[in-house]
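Below: one structure, written as structure tokens.
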Amino acid sequence: MIARAYTVAFEGVEARHVEVQCAVTPGVPAFSLVGLPDKAVSEARDRVRTALTSMAIALPSKRITVNLSPADLPKEGSHFDLPIALALLAALDIIPKDAIEGTTSLGELSLDGTLMPVIGALPAAMAAAEEDRTLLCPKASGAEAAWVGAAHVIGAATLADVVRHYTGQSPLPPAEPGEVTTPPLGRDLRDVKGQERAKRALEIAAAGRHHLMMLGTPGSGKSMLAARLPGILPQLSAREALETSMIHSLAGLLDEGGISRTRPFREPHHTASMAAIVGGGRRASPGEISLAHNGVLFMDEFPEFSRTVLETLRQPIETGEVMIARANAHVTYPCRFMLIAAANPCKCGYLSDPARACARAPACGDDYLGRISGPLMDRFDLRIEVPPVAFSDLDLPSSGDSSAEVAGRVAEAQAVQAARYAEAPGTHLNSDAEGAVLAQVATPDAEGRALLTRMSERFGLSARGYHRVLRVARTIADLDGSDEVRRPHVAEAASYRITNAKET
């Protein structure tokens, strides 16, 4: 008699169903595991055997065969321990076979039978809900998985608790969804002295999820401004939190007993590799651009990143997803993020500072910013210069709006956009609008159209640049509370396309 349990194998953010078949037959005593397991899965035999021994359950002197079906799908990770143990317990008639056939399970076993948390509980809960099965997982992963309202999630602390649950001795209660509250960082926009134009650009970028490039001398406040961006962004909606947390679950970042509504803010170092930024490696893991999904990717010292890494960003910025192609897998991850880039005007950093003139100007700036290709620079909606702040200005009292006031305006603008695009699938904010949708919502008035036409001819805007100006103008109009895109909105949006950055 074959006993069956069910679990999942991960391909990107997708969880594929795996059937764990266990047969106990007469023959030479052995415990074999087949179905293309990796090293971690193969070692499950010893963990399961020892965990059962700690519960005073002795394996019979027979041949035990466990098959992971489909057999041609690679199985990776330690989360196969629990389903293998369940299938074996059912084959030994310790727990009912029909009970575990209605359950999808995952979890790592300690030698004493304790269930350890594993990655991927959230995608596993989604897969279990699709098959109308209960999800059984370690107790520490239950708060994360319970966010999938359509799934019935049970969290167990030990394998003994699982046995008592299925034998009716002590049923386990359903897991409750947990939410991690992140304390405020205490970084306020009012801490930044001066830089009112940069603060305005930051507000526009946050309201419409536009990409922003900041150019300025060292110490002008670029990193300080970027660090205050999370304080003006609204919290993730339930849909966005689920999307983002599925990626973080696969990356093992959900280890605090639930998911967070705080938007991700990722700031990789400029020495990061291609696999670290875009994703990849042996398991085709998500990279920084996917971990920043629905949040912010801040890349300081932008020209110092590898040229290959920078050019690879071009396609994900446009499409909002990235495909990682490997010999054994083609995995697609979502990566709709806001890119904030900061760069010095030249290698020494003082090309634009009249007090500290660059000795190699202008070649120094051309060589340094030339590392950023024209097509990549064209993908930035907003490009601003952040001038150095005078020492006398540092003694002045704080000025401008606080982060809370700016966050209120950003939230109102995003609420307007959510209502506007409610019937447009795949479009949530102004940065997503394209084609007929963009023409419908962002066509400026006659004066604004005339201004945009003259600017396109004067500065040689590409078609992409033209549309990005329209998107930014629409966001500025939303912040202004205007239903129509007018000439002042177009003028301000166009001003953010003109910098010393060289477009080639």
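Residues satisfying the side-chain contact (heavy atoms from CB on, under 4.5 Å) criterion with I119, sequence neighbours excluded, are absent altogether. Residues satisfying the side-chain contact (heavy atoms from CB on, under 4.5 Å) criterion with A275, sequence neighbours excluded, are S273. For the ring-ring contact (aromatic ring centres under 6.0 Å, His included) test, residues two or more places apart in sequence or in another chain that qualify with F302 are F380. Scanning for side-chain contact (heavy atoms from CB on, under 4.5 Å) contacts around T114 gives S110, D112, M116, T158, with sequence neighbours left out.
For the residue pair T319/Q315, the side-chain donor-acceptor check at 3.5 Å is satisfied.
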Handout entry: Worked verdict on L92 versus L59 for side-chain contact (heavy atoms from CB on, under 4.5 Å)
Key = CA-CA 9 Å; L92 298 176; L59 297 182; 4.2 Å; yes

Evaluation steps, side-chain contact (heavy atoms from CB on, under 4.5 Å), between I247 and L291:
CA-CA 7 Å; I247 304 171; L291 296 176; 4.0 Å; yes

### Criterion side chain to side chain donor-acceptor pair (under 3.5 Å) on H489 and S482, from CA distance to verdict
CA-CA 10 Å; H489 306 142; S482 173; 4.5 Å; no

Q.
Show, in sequence, the C-alpha distance, side-chain angles and deciding distance for L470 and V485, and conclude whether the side-chain contact (heavy atoms from CB on, under 4.5 Å) test is met.
A. CA-CA 9 Å; L470 287 180; V485 177; 5.8 Å; no

* Check the pair T103, Y166 against side-chain contact (heavy atoms from CB on, under 4.5 Å), reporting the backbone distance first and the verdict last. => CA-CA 11 Å; T103 303; Y166 283 113; 3.0 Å; yes

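Heavy atoms of other residues, nucleotides or ligands lying less than 6.0 angstrom from CD of E131 number more than 12. In the displayed structure, Q440 atom CD is contacted under 6.0 Å by at most 12 heavy atoms of other residues, nucleotides or ligands. More than 12 heavy-atom neighbours from other residues, nucleotides or ligands sit within 6.0 angstrom of CD on Q169. When the shell of 6.0 Å around CD of E101 is examined, it contains more than 12 heavy atoms from other residues, nucleotides or ligands.
Of all heavy-atom pairs between I100 and A90, the closest is CD1-CB, 3.3 Å. The two residues T475 and I204 have their closest heavy-atom pair at CG2-O, 3.6 Å. Between F80 and A9, the shortest heavy-atom distance links the atoms CZ-CB, 4.3 Å. Smallest separation of non-hydrogen atoms from I324 and V278: CD1-O, 4.0 Å. Nearest heavy atom pair, residue P264 against residue L236, reads CD-CD1, 4.4 Å. When all heavy atoms of K75 and L68 are compared, the pair lying nearest together is NZ-O, 3.3 Å.
A salt bridge is absent between E108 and R47: the closest approach of a Lys/Arg side-chain nitrogen to an acidic carboxylate oxygen does not fall below 4.0 angstrom. Ion pairing of R314 with E311 is present here, as a side-chain N (NZ or NE/NH1/NH2) and a carboxylate O approach within less than 4.0 Å.
Taking OH from Y466 and CG from L438, the interatomic distance works out to 9.0 Å, rounded to the nearest 0.5 Å. The line from CD of Q235 to OG of S260 is 7.5 Å long, rounded to the nearest 0.5 Å. If you take CD on E318 and CZ on R464, they are separated by 4.5 Å, rounding to the nearest 0.5 Å. To the nearest 0.5 angstrom, L212 atom CG is 9.5 Å from Y496 atom OH. The line from CG of L313 to CD of E288 is 11.5 Å long, rounded to the nearest 0.5 Å.
Remark: R133 qualifies as a cation-pi partner of Y6 under the 6.0 Å distance and 45° angle criteria applied to the six-membered ring.
Listed by first and then second residue, the ring-ring contact (aromatic ring centres under 6.0 Å, His included) pairs involving residues 273-301 amount to none (not counting sequence neighbours).
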Could you give the side-chain donor-acceptor pairs of residues 134-151 under 3.5 Å, partners two or more places apart or in another chain?
residue: E144; atom: OE2; partner: L122; partner atom: N; Å: 3.2
residue: E144; atom: OE2; partner: S249; partner atom: OG; Å: 2.5
residue: W147; atom: NE1; partner: G178; partner atom: O; Å: 2.6

